[in-house]
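Worksheet: the structure to be examined is printed underneath.
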Amino acid sequence: MTTATAGAPPLLYRVADAMNALSMSRTVIYDLIRTGRLRTVKEGRSRLIPASAIADYVALLEREARGS
């Protein structure tokens with residue numbers, strides 16, 4: 001995960017950290033980004049995933065599982 005202050009969860013995740021957080025492969029993460037299901041931001045040449053985007057994606061999965 002990207003640098004966070006003492007014990008606070010990170011606000012931005014690198015792709016590798018998002019892979020671990022979501023238990024998904026690199027290919028799946030990039031497919032989610034490409035299709036717009038997982039939001040990202042760019043800082044310089046780095047592609048970062050906001051913690052809020054991960055939470056939004058998990059919420060989307062829960063809504064889809066309920067059929068709403």
Side-chain angles (χ1 to χ4, degrees):
M1 290 181 212
T2 56
T3 306
T5 50
L11 297 176
L12 297 170
Y13 290 80
R14 296 181 190 280
V15 170
D17 298 321
M19 289 167 47
N20 290 330
L22 293 169
S23 299
M24 295 180 172
S25 71
R26 182 177 188 271
T27 301
V28 170
I29 295 291
Y30 277 108
D31 283 344
L32 292 171
I33 292 168
R34 184 179 47 78
T35 59
R37 289 175 59 95
L38 187 61
R39 291 181 291 107
T40 64
V41 296
K42 280 195 81 163
E43 175 60 33
R45 292 175 23 167
S46 297
R47 175 77 51 194
L48 301 169
I49 302 165
S52 62
I54 292 173
D56 291 346
Y57 176 68
V58 171
L60 172 66
L61 292 177
E62 289 173 340
R63 281 193 307 275
E64 289 177 350
R66 286 193 306 263
S68 318

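Since the model is a prediction, treat every value here as computed from it, not as a measurement. Just so you know, residue 1 is the first one in the sequence shown, and it goes up from there.
The 12-atom threshold is not exceeded at CZ of Arg26, counting heavy atoms of other residues, nucleotides or ligands nearer than 6.0 Å.
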Between Glu43 and Leu12, is a side chain to side chain contact (heavy atoms under 4.5 Å, CB included) present by the stated rule, with each step listed? CA-CA 10 Å; Glu43 175 60 33; Leu12 297 170; over 6 Å; no
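Separation of atoms CG (Asp56) and CZ (Arg63) is listed at 8.0 Å; rounding is to 0.5 Å. Between the CG atom in Leu22 and the CD1 atom in Ile29 there is a gap of 5.0 Å [rounded to 0.5 Å]. Atom CG in Asn20 sits 13.0 Å away from atom CZ in Arg14 (nearest 0.5 Å). With rounding to the nearest 0.5 Å, the separation of CG in Leu48 from NZ in Lys42 is 10.0 Å. One finds the CD1 atom of Ile33 at 4.5 Å from the CD1 atom of Ile49 (value rounded to the nearest 0.5 Å).
Here the shortest heavy-atom pairing between Val15 and Arg47 reads CG2-O, 4.2 Å. Pro10 approaches Ala51 most closely through the heavy-atom pair O-CB, 3.6 Å. Annotation for Ala18 and Tyr13: closest pair N-CB, 4.1 Å, computed over non-hydrogen atoms. In terms of heavy atoms, Arg39 sits closest to Pro50 at O-CD, 3.6 Å.
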